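Basis for what follows: all heavy atoms, side chains included, without hydrogens, waters or symmetry-related copies. Just so it is clear, the structure is predicted and the values come from calculations on it, not from any experiment. Per chain, numbering begins at 1; letters A, B, ... match sequence-line order.
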2 protein chains.
Amino acid sequence: MKKSDKHQKILNAAIKVFGQKGFFNARISDIAKEADVADGTIYLYFNNKYDILLTLFEEEIGKLITEIRAAISQKSDQREMLYIFALHHLRLVIEKKELAEVLQMELRQSGESIKEYRRTKFADYVNIISEIIRTGQENNIIRRDLKPGIIKRAFFGALDEMSRLWILNPSHKYTVEESAEAISDIFLNGIVAD
Amino acid sequence: MKKSDKHQKILNAAIKVFGQKGFFNARISDIAKEADVADGTIYLYFNNKYDILLTLFEEEIGKLITEIRAAISQKSDQREMLYIFALHHLRLVIEKKELAEVLQMELRQSGESIKEYRRTKFADYVNIISEIIRTGQENNIIRRDLKPGIIKRAFFGALDEMSRLWILNPSHKYTVEESAEAISDIFLNGIVAD
DNA sequence: AGCATAAATGAATGGATATTCATTTGATAT
DNA sequence: ATATCAAATGAATATCCATTCATTTATGCT
């Protein structure tokens with residue numbers, strides 16, 4: 001068994017346990033049991049409990065960024081790109097429920113390292129949106145009087161709140177496609193009649 | 001000193017301490033010191049640490065709902081109402097920073113009581129938005145093909161993410177009015193050029 | 001096989017802190 | 001002034017759990 005195997009095995013267990021109980025209520029022994037290793041083994045791969053959480057952010061968000069960039073690069077119209085971003089983001093919640101829960105919950109926690117984290121790696125993820133907006137403005141597809149920084153927040157926030165609905169109440173009232181479409185439609189066209 | 005005085009005093013201390021350190025890192029003795037009472041006194045007013053948090057949600061969100069309803073009832077156009085909602089919500093972050101931090105952080109935590117909480121009292125707050133939307137649709141001001149449930153999420157999520165920016169990075173790049181205007185503008189008119 | 005090194009184990013430790021409760025302090029009435 | 005009751009105190013308790021490390025088990029090399 002390669003070293004990386006056990007590293008990932010523990011991380012996957014942590015995603016599951018953190019997702020279910022939250023970071024503070026999760027015990028190291030829970031993660032150990034889930035990963036099928038001894039408690040002490042975890043400390044051969046991670047410095048402490050908090051380090052597990054940070055590593056999890058680092059590596060898993062990295063994967064998300066890669067995936068979503070690949071999907072977006074297929075499109076040339078910025079309006080479509082926004083839809084694709086929404087679709088991918090919302091799909092994550094369905095397909096990797098526990099990871100989504102961890103990100104939802106723990107990325108909001110106080111604590112300097114987490115705040116720092118949001119400012120760097122996580123910001124990279126959200127900044128994909130503002131890049132799309134900026135390019136759209138250059139191409140005259142998107143209104144130039146709006147600040148990309150605000151649109152980015154608003155669009156991401158909308159998706160994030162939608163995710164929360166599903167996480168709290170897994171009986172999907174709306175489908176992923178429907179939601180992604182509705183949200184990009186609202187942003188592109190607004191809600192005012194006529 | 002009336003009973004209610006000390007009750008509120010402890011609650012205010014809790015808002016401050018939870019806001020700064022988060023629920024799990026806050027010690028009862030921190031709250032006691034901040035409220036200027038003995039540790040044991042807290043247990044005369046609350047059953048346990050968690051009860052402080054739940055009471056805090058219950059009472060403070062109740063106040064918010066009352067305030068925001070009062071402000072909205074001054075307007076008759078649903079477009080203006082949305083702006084007012086945004087303005088009030090964002091002002092909260094500036095004027096009651098610690099409370100906003102607590103709500104941001106802890107309302108996301110796992111734990112059944114908190115999830116339950118979001119489904120009830122907090123939902124009442126957010127549902128003010130869907131009421132506005134529904135009335136707007138009846139008055140033909142807002143597109144009828146959009147589901148109020150989705151608009152509500154999207155609009156609230158946008159505001160919530162904006163709040164988060166300020167909480168994490170208190171150097172306000174945008175003013176409250178500017179942000180409230182930009183966000184309601186985006187929702188009302190969309191971001192597409194022309 | 002026998003040695004050496006690395007990986008894994010899990011019981012024991014130590015530190016933290018929510019909660020309790022015996023005692024003190026303050027208020028009210030007679 | 002004294003008795004009675006309520007409110008407040010804060011040191012002591014009990015529990016919980018992250019982390020350590022002496023010991024065991026697995027792996028690789030000659």
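- Residue N48(A) places its side chain closer to dT19(D) than to any other of dT19(D), dT19(C), dG10(C).
- Taking the six-membered ring for Trp and thresholds of 30 and 60 degrees, F187(B) and F155(B) have ring planes more than 60 degrees apart, a perpendicular arrangement.
- In this structure, H7(A) places its NE2 atom 15 Å from P of dA7(C), rounding to the nearest Å.
- Rounding to whole angstrom units, OH of residue Y45(A) and C1' of dA6(C) are separated by 10 Å.
- Checking R27(A) against G40(A), the closest nucleotide of DNA chain D that is more toward the 5' end is the one next to R27(A).
- For E98(A) and K16(A), the salt-bridge test fails: no basic side-chain N is under 4.0 Å from an acidic carboxylate O.
- In this structure, K49(A) atom NZ and dC17(D) atom P are separated by 9 Å, rounded to whole Å.
- Atom NZ of K33(B) and atom P of dA11(D) are 13 Å apart (whole Å).
- In the set dA7(D), dT19(D), dG10(D), the nucleotide with an atom closest to the side chain of Y43(A) is dT19(D).
- Under a hydrophobic clustering in which Ile, Leu, Val, Met, Phe, Trp and Tyr are joined whenever their side-chain heavy atoms come within less than 4.5 Å, directly or via other members, L107(B) and L11(B) fall into the same cluster.
- Distance I28(B) CD1 to dT20(C) P: 11 Å, rounded to the nearest Å.
- Between the NZ atom of K6(A) and the P atom of dA6(C) there is a distance of 17 Å, given to the nearest Å.
- Heavy-atom nearest nucleotides on DNA chain D were determined for D39(B) and for F23(A), and the one closer to the 5' end corresponds to D39(B).
- Salt bridge present: R69(B) and E131(B) bring a charged side-chain N and a carboxylate O closer than 4.0 Å.
- At whole-Å resolution of the value, CG in N47(B) and P in dT19(C) are 10 Å apart.
- Atom CD1 in I10(A) sits about 9 Å away from atom P in dT9(C), given to the nearest Å.
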